[in-house]
There are 2 protein chains.
Amino acid sequence: MEADIAPVAALIADPSRATMLNALLGGRALAAGELARLSGVSPATASSHLAKLLEGGLVEAVRQGRHRYYRLAGHEVAEVLETLAGISRRTPVTSLRQSRQARLLAEARTCYDHLAGRAGVALLDGMRERGYLRHGELTDRGERVLADLGVDVAKARRSRRRFAPECLDWTERRAHLGGALGAAVTEALMAAGWLVRGRTPRAVVVTEEGREGLAATFACEEPAVGGRL
Amino acid sequence: MEADIAPVAALIADPSRATMLNALLGGRALAAGELARLSGVSPATASSHLAKLLEGGLVEAVRQGRHRYYRLAGHEVAEVLETLAGISRRTPVTSLRQSRQARLLAEARTCYDHLAGRAGVALLDGMRERGYLRHGELTDRGERVLADLGVDVAKARRSRRRFAPECLDWTERRAHLGGALGAAVTEALMAAGWLVRGRTPRAVVVTEEGREGLAATFACEEPAVGGRL
DNA sequence: GGGACCTTTCGGCCGGCGTCGAAGAGTGAA
DNA sequence: TTCACTCTTCGACGCCGGCCGAAAGGTCCC
């Protein structure tokens with residue numbers, strides 16, 4: 001009669017699996033062994049976990065040579081994880097290394113397929129302040145600017161996904177740009193070299209070029225990422 | 001460093017607790033004993049579950065006489081549960097009674113504090129078709145119509161909550177009106193007697209008067225609820 | 001084919017947690 | 001005060017599920 005949320009919640013409820021899912025929120029497919037290493041369990045245990053996540057429809061698997069790559073099953077799954085993060089307590093920072101990583105992630109990270117963190121929030125603010133985006137729709141001006149950046153707006157429109165929804169950012173407690181448009185913009189920024197993926201799963205770094213470009217295009221006074229490190 | 005989603009997921013992962021949370025999605029506070037009955041466990045077990053949900057910040061408790069009423073801790077929690085329902089498998093219908101209840105809930109139910117189900121989707125569709133709502137904002141016309149219905153739009157705007165976001169409906173797989181405006185509209189429709197709460201936790205019934213009123217105001221061709229039963 | 005590597009399956013161990021009945025604390029009515 | 005009712009705490013039981021090591025598929029490279 002109802003949708004049975006308990007089984008899905010149980011999949012997320014295990015710390016090892018939660019760590020894996022969180023890593024997959026980076027948007028890229030990761031090999032089973034890497035997920036084992038990240039979550040700190042043996043390959044055997046990780047394999048068992050991944051089989052459950054697969055069975056539960058939270059991840060998809062792709063075989064490639066002797067590796068098996070896993071990725072999130074879709075943006076709906078990513079949204080569930082992000083929403084859940086919004087009502088979860090932050091884990092207290094213990095080590096110096098963690099604190100550095102936390103600062104990096106708060107600065108800029110991916111939220112599955114779009115930009116999040118301070119950079120993501122600033123991007124959305126800038127698009128609004130500059131009149132690119134109004135009431136969840138692109139203005140003519142916004143359409144032109146994004147086209148110049150190489151954003152495939154038409155493709156984003158064709159997607160069945162919501163076009164430009166707000167996505168609540170759990171570090172900033174404010175909204176960043178999500179949905180089909182958020183993904184398209186982020187893709188373009190990566191292609192332009194303004195953003196590059198960091199080492200840890202969800203990390204994103206704004207390049208020097210990107211900092212200038214973002215400031216010029218979106219008037220987000222981008223806090224100096226490099227200076228912080 | 002990250003938000004720790006596993007503990008919260010673990011709270012939702014137990015079937016008894018999930019049933020309780022689902023019942024609380026009706027938006028009303030329910031007594032501990034009633035939640036025990038609904039989830040089919042002893043009062044002792046239910047009490048233990050509720051203590052955990054309380055500790056985890058998913059519910060709030062209010063003492064009133066010898067009863068202790070529990071309600072969801074906020075709309076963020078409701079959103080998590082709804083999002084989770086969106087990626088969960090539907091439970092196969094077993095009994096006739098369940099099938100009847102399922103039909104009723106698919107027709108109209110509350111999504112914590114706003115209307116969901118076919119009626120909720122039709123309401124949003126109608127508001128758009130009639131030009132009350134465009135790009136997530138009320139038009140002047142929409143503002144007038146809602147004011148006539150007794151909707152406190154100003155209060156909804158003052159709320160820190162998002163104003164008129166889409167809320168994905170897990171029975172219809174389409175959007176209904178959520179957020180501060182969705183809650184305000186639903187409140188007004190209840191006050192006007194167009195909607196009344198049903199017996200089971202999340203059930204809502206469109207009254208005869210409501211059917212006419214909704215059709216006249218929102219042009220939602222409301223499927224005949226009464227005729228179906 | 002042989003060897004290194006990645007991943008999965010199997011078996012067994014162990015801890016955590018959901019479950020209940022009984023008893024206790026708090027409230028309301030007579 | 002006494003009884004009835006609601007809810008919580010306590011202690012004990014039992015089971016589910018995460019964990020690992022060893023061994024078995026596959027895959028790639030030499």
Side-chain angles (χ1 to χ4, degrees), chain A residues 4-24 28-73 88 201, chain B residues 4-24 28-73 88-89 91 201:
Chain A
D4 218 356
I5 61 177
V8 181
L11 287 175
I12 309 174
D14 177 77
S16 304
R17 285 194 296 260
T19 303
M20 293 178 183
L21 291 170
N22 191 38
L24 293 175
R28 280 188 302 188
L30 298 174
E34 186 153 18
L35 289 167
R37 189 182 57 78
L38 287 168
S39 56
V41 295
S42 75
T45 303
S47 180
S48 155
H49 284 314
L50 289 168
K52 283 170 186 161
L53 291 175
L54 197 60
E55 161 69 25
L58 293 192
V59 304
E60 292 169 347
V62 181
R63 308 198 50 132
Q64 197 161 320
R66 43 188 166 184
H67 297 275
R68 199 168 181 200
Y69 288 95
Y70 289 88
R71 63 165 177 244
L72 289 191
S88 300
Chain B
D4 217 356
I5 60 176
V8 181
L11 287 176
I12 310 176
D14 176 77
S16 303
R17 285 195 295 261
T19 304
M20 293 179 183
L21 291 170
N22 191 38
L24 292 175
R28 280 186 302 187
L30 298 174
E34 186 153 19
L35 289 167
R37 189 182 56 78
L38 286 169
S39 56
V41 295
S42 73
T45 303
S47 181
S48 154
H49 284 315
L50 289 168
K52 283 171 186 161
L53 292 175
L54 198 60
E55 161 69 27
L58 293 192
V59 303
E60 292 169 347
V62 180
R63 307 198 48 134
Q64 196 162 320
R66 44 188 166 183
H67 297 273
R68 200 170 180 197
Y69 288 94
Y70 289 88
R71 60 163 179 245
L72 289 189
S88 302
R89 303 189 204 287
T91 56

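A note on names: the letters A, B, ... follow the listed sequences, proteins ahead of strands, and every chain is numbered from 1.
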Checklist entry - After noting the C-alpha distance and the side-chain angles of A:Leu53 and A:Leu21, does the key distance pass the side chain to side chain contact (heavy atoms under 4.5 Å, CB included) rule? => result CA-CA 9 Å; A:Leu53 291 175; A:Leu21 291 170; 4.1 Å; yes

Item to check | Sub-4.0 Å heavy-atom contacts from residues 31-38 of chain A onto DNA chain C, ordered by number | outcome: A:Ala31, A:Ala32, A:Gly33

In residues 34-47 of chain A, what donor-acceptor pairs under 3.5 Å come from side-chain atoms, sequence neighbours left out?
unit_1, atom_1, unit_2, atom_2, d
A:Ser39, OG, A:Leu35, O, 2.8
A:Ser39, OG, A:Ala36, O, 3.4
A:Ser42, OG, A:Ala44, N, 3.4
A:Ser42, OG, A:Thr45, N, 3.2
A:Ser42, OG, A:Thr45, OG1, 3.1

Item to check | Span of DNA chain D in contact with chain B (heavy atoms, under 4.0 Å) | outcome: D:dA4 to D:dT9

Checklist entry - To the nearest 0.5 Å, what is the distance between CG (A:Leu50) and CG (A:Leu58)? => result 11.0 Å

Next on the checklist: According to side chain to side chain donor-acceptor pair (under 3.5 Å), who are the partners of A:Glu55, at least two apart in sequence or on a separate chain?
Outcome noted: none

Checklist entry - Which part of the nucleic acid, if any, lies within reach of B:Tyr69 when heavy atoms closer than 4.0 Å are counted: base, sugar-phosphate only, or nothing? => result nothing

Quiz: residues 9-19 of chain A side-chain donor-acceptor pairs under 3.5 angstrom, not counting sequence neighbours:
unit_1, atom_1, unit_2, atom_2, d
A:Asp14, OD2, A:Ser16, N, 3.0
A:Asp14, OD2, A:Arg17, N, 3.1
A:Arg17, NE, A:Leu11, O, 2.7
A:Arg17, NH1, A:His49, ND1, 3.1
A:Arg17, NH2, A:Ala10, O, 3.1
A:Thr19, OG1, A:Pro15, O, 2.9

Checklist entry - If you take all heavy atoms of B:Tyr70 and B:Ala61, which pair is closest and at what distance? => result CE2-CB, 3.7 Å

Checklist outcome for this item: Per-nt protein contacts along nucleotides 19-29 of chain C (heavy atom under 4.0 Å; B base, S backbone sugar-phosphate only, - none) come out as SBBB----BS-

Next on the checklist: Using five pairs at each end of the helix from C:dG1-D:dC30 to C:dA30-D:dT1 to define an axis, what is the angle between those two axes, to 10°?
Outcome noted: 30°

Item to check | Between P of C:dT9 and CG of A:Leu54, the distance in whole Å | outcome: 11 Å

Checklist entry - Closest nucleotide of DNA chain D for A:Ala10 versus for B:Leu50: which of these residues is on the 5' side? => result B:Leu50

Checklist outcome for this item: In whole angstroms, the gap separating C1' of C:dG18 from CG of B:Leu53 amounts to 13 Å

Next on the checklist: My understanding is that only residues two or more places apart in sequence, or in another chain, count here; which of them pass salt bridge (charged side-chain N to carboxylate O under 4.0 Å, His left out) with B:Arg71?
Outcome noted: B:Glu60

Checklist entry - Listed by chain and number, what are the side chain to side chain contact (heavy atoms under 4.5 Å, CB included) partners of B:Ala51, not counting sequence neighbours? => result none

Checklist outcome for this item: For B:Ala31 and B:His67, the nearest pair of non-hydrogen atoms, with its separation, is CB-ND1, 4.2 Å

